[in-house]
Protein chains: 2
Amino acid sequence: MATLSDVAREAGVSPTAVSRYLNNRIELPQITTDRIDAAIAKLDYRPNLLAKRLSTGKTEAIALVTPEIANPFFAELAAAIEQEAERHGYAVYISSTRGSREREIAAINRLRDQHVDGLIMMTNEPDDGRLATLLRKRSNVVILDEDIPGVDVPRIFVENAQGAYLATRHLIDAGHRDIALVSGPETLFSVKERREGFARAMAESGLPIRPDWVLLGAYTRAFGHEAAQRLLTGPDRPSAILACSDYIAIGILEATRRMGLSVPTDLSLVGFDDMPFAELVHPALTSVRQPIAEMGRQAVEKIMAMIAGKAPPPSLTRLPVELVIRHSAAQPKG
Amino acid sequence: MATLSDVAREAGVSPTAVSRYLNNRIELPQITTDRIDAAIAKLDYRPNLLAKRLSTGKTEAIALVTPEIANPFFAELAAAIEQEAERHGYAVYISSTRGSREREIAAINRLRDQHVDGLIMMTNEPDDGRLATLLRKRSNVVILDEDIPGVDVPRIFVENAQGAYLATRHLIDAGHRDIALVSGPETLFSVKERREGFARAMAESGLPIRPDWVLLGAYTRAFGHEAAQRLLTGPDRPSAILACSDYIAIGILEATRRMGLSVPTDLSLVGFDDMPFAELVHPALTSVRQPIAEMGRQAVEKIMAMIAGKAPPPSLTRLPVELVIRHSAAQPKG
DNA sequence: ATCGCTAAGTAAACCGCTTTACCAAGCGAG
DNA sequence: CTCGCTTGGTAAAGCGGTTTACTTAGCGAT
């Protein structure tokens with residue numbers, strides 16, 4: 001492979017001149033640039049990025065730490081981030097931590113050694129402080145989707161409370177009064193926020209919230225299944241459930257099917273996230289859609305601004321959500 | 001950050017000694033290694049990978065080119081690859097090409113400049129020769145899932161024909177004789193193979209294949225929808241369809257719903273890929289499962305062997321598939 | 001007493017690019 | 001005529017490792 005020096009020799013100038021020319025750090029007369037261009041073309045010169053990186057300390061790569069790349073939500077987010085980063089000429093290192101704190105920590109440490117220029121951090125487990133400590137030492141970090149408290153960096157979240165509010169209102173407007181909430185781990189940021197939105201909608205309509213109808217556990221299908229069993233056995237049961245994740249909603253759907261109940265006739269159900277499968281299940285799931293592509297876009301934009309040195313004030317961006325109405329919610333029976 | 005020289009000075013030895021010690025290229029008495037270890041600990045030394053890479057020309061990173069990371073099939077594959085690569089201490093650069101040949105080419109070229117040590121290539125469009133030409137120039141390449149003819153590298157595919165055969169047999173065994181095939185683009189490798197498996201099963205049972213019941217188009221929901229409309233209007237229609245992708249199957253499912261037909265009562269349906277949503281739709285989709293994790297594992301294993309210099313003979317690995325029986329196929333009516 | 005060998009290192013070049021100085025020629029102004 | 005500025009460059013020192021080729025001390029054998 002031809003090097004910068006080869007090009008310089010061929011063009012009859014110094015390597016410095018070629019380097020500076022290629023990086024727009026010098027103005028040269030056209031006669032010289034023509035010679036350099038010709039040399040580059042002739043030798044099929046490609047800059048050695050490895051050398052460039054060592055020399056500049058920049059890698060033109062960002063890292064993405066995600067809980068689970070096989071989860072369609074995070075996969076779509078990763079796709080959006082990859083796409084936006086590519087536009088800026090940046091490569092993306094993706095680490096899938098599979099929900100393990102150890103792997104999250106290992107990933108962040110590895111990324112330090114890889115000298116990536118920025119880090120987009122996602123987690124779905126409440127932090128015990130270890131992530132925060134680690135992230136505080138790194139620069140050019142953006143926290144996405146779920147909070148990690150105690151780190152002074154830009155964050156990008158969706159309007160969790162508003163989403164839950166819209167979903168709950170949708171149920172109330174359909175005539176429901178006995179509404180249960182099934183959500184993720186209690187200490188998780190998004191869980192708290194969605195719960196608040198739920199509470200606000202209920203309060204606004206003067207509806208009571210029954211503590212035994214608020215089930216917090218995990219954003220998983222299994223928990224949805226379990227929660228449905230707990231909520232729907234016995235005569236005294238809700239006529240509608242707000243599931244704060246489509247995975248939970250699917251679990252509930254399965255359980256109802258097994259129990260011989262029909263959605264939405266016997267039970268109305270609204271999910272959250274609008275996963276790709278939400279419209280594929282039967283009945284198609286009414287769900288709160290998050291602007292995934294926009295989240296990815298803004299995360300990359302923030303990172304790029306930080307890399308460029310325009311450190312944005314540690315900001316909090318809220319992206320709007322939208323209720324996608326399908327067929328899993330209807331009027332209550334009777 | 002402390003450098004190798006800092007460590008050497010602190011330990012009272014030369015940088016060479018430290019470098020060789022850390023890379024196991026020298027045997028030193030314990031008294032010396034203790035001093036070096038102490039210096040490393042004291043200075044919290046971490047090797048600068050950028051420098052190491054320039055020096056050695058190796059990056060300890062592999063690249064993954066995938067058609068669409070937001071597609072659960074490829075996302076799962078990416079997750080498996082990432083996991084296995086991490087075990088070997090390798091990072092993974094993921095490029096999502098969104099089905100564009102231009103982006104595939106750009107990704108491969110970018111990766112050359114990134115000096116990645118290996119490349120796992122996936123595509124879902126038949127190659128016009130451009131990919132092959134480009135890939136022939138690169139080393140340590142593995143082709144995964146879908147063929148790119150004319151490149152002399154290890155390939156890893158699943159038993160496409162066997163999968164289609166199993167699925168078709170399943171339908172025949174249930175009593176079907178009027179079976180249609182809906183699949184992807186005609187020239188695609190997997191499409192050909194699955195078609196062969198279908199043909200073999202039909203021939204074995206002495207069943208004719210009606211050319212107008214073999215619809216080749218795209219592995220997409222839209223094409224499934226379109227194909228169902230073509231196949232199911234009019235009185236003379238198949239009692240079962242083999243859809244060579246779950247996306248196609250979903251499209252067919254939608255179309256039948258819209259047409260007032262019921263699966264599996266009026267139409268039996270078998271999909272291919274066993275996507276995560278296959279068991280979520282109603283009726284749950286009988287589908288051919290591919291060993292995604294194993295595909296990823298083997299791809300990384302092959303790459304690692306090539307990087308280590310044990311160039312394996314350009315080989316063809318076939319991984320077995322499995323029919324997952326759910327509820328979308330039953331006996332024909334009447 | 002010396003030869004040869006091993007153990008325990010080291011000096012210096014190199015990977016390919018960037019960047020900080022620095023310089024020389026030409027030219028217009030005073 | 002010469003001072004200072006602009007234009008068009010250059011030499012050389014990094015960046016932080018790896019690697020090749022070499023050295024030196026010590027020791028056992030002859």
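Residue numbers begin at 1 in each chain, while the letters A, B, ... track the order of the sequences.
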Requested in this report: Give one of base, sugar-phosphate or nothing for B/Pro15, where a contact means two heavy atoms less than 4.0 Å apart.
Outcome: nothing
Report task. Please evaluate the base of D/dT19 for a donor-acceptor partner in the side chain of B/Thr16 within a cut-off of under 3.5 Å? Result -> yes
Requested in this report: Assign A/Tyr45 to base, sugar-phosphate, or nothing according to its heavy-atom contacts below 4.0 angstrom with the strands shown.
Outcome: sugar-phosphate
Requested in this report: Walk me through it: do A/Arg138 and A/Val153 pass the test side chain to side chain contact (heavy atoms under 4.5 Å, CB included)?
Outcome: CA-CA 10 Å; A/Arg138 318 225 30 73; A/Val153 302; over 6 Å; no
Report task. Scan A/Leu4 against the nucleic acid and name what it touches under 4.0 Å (heavy atoms): base, sugar-phosphate only, or nothing. Result -> base
Report task. Report the distance from atom OH of A/Tyr21 to atom C1' of C/dC17, rounded to the nearest whole Å. Result -> 17 Å
Requested in this report: For A/Leu54, report the nucleic acid contact type (base, sugar-phosphate, nothing); a contact means any heavy atom under 4.0 Å.
Outcome: base
Query raised in the report: Just checking A/Ser19: base, sugar-phosphate only, or nothing, at a heavy-atom cut-off of under 4.0 Å?
Result: base
Query - Side-chain H-bond candidate by donor/acceptor type, B/Arg53 with A/Gln114, under 3.5 Å - result: yes
Report task. Using a heavy-atom cut-off of under 4.0 Å over every strand shown, decide if A/Arg53 touches base, sugar-phosphate, or nothing. Result -> nothing
Report task. On the 0 to 90° scale, with breaks at 30° and 60°, tag the B/Phe189-B/Phe157 ring pair as parallel, tilted or perpendicular. Result -> tilted
**Report entry** Spacing of A/Leu319 atom CG and A/Glu159 atom CD [to the nearest 0.5 Å]
**Finding:** 8.5 Å
Query raised in the report: Atom CZ of B/Arg20 and atom P of D/dT19: how far apart are they, to the nearest Å?
Result: 10 Å
Query raised in the report: With a non-hydrogen cut-off below 4.0 angstrom, is A/Ile26 in contact with a base, only sugar-phosphate, or nothing?
Result: base
Report task. Could you say whether B/Ile31 or A/Ser5 is positioned toward the 5' end of DNA chain C, judged by the nucleotide with the nearest heavy atom to each? Result -> B/Ile31
Query - hbond_proxy B/Ser55 side chain to D/dG17 base (donor-acceptor, 3.5 Å cutoff) - result: yes
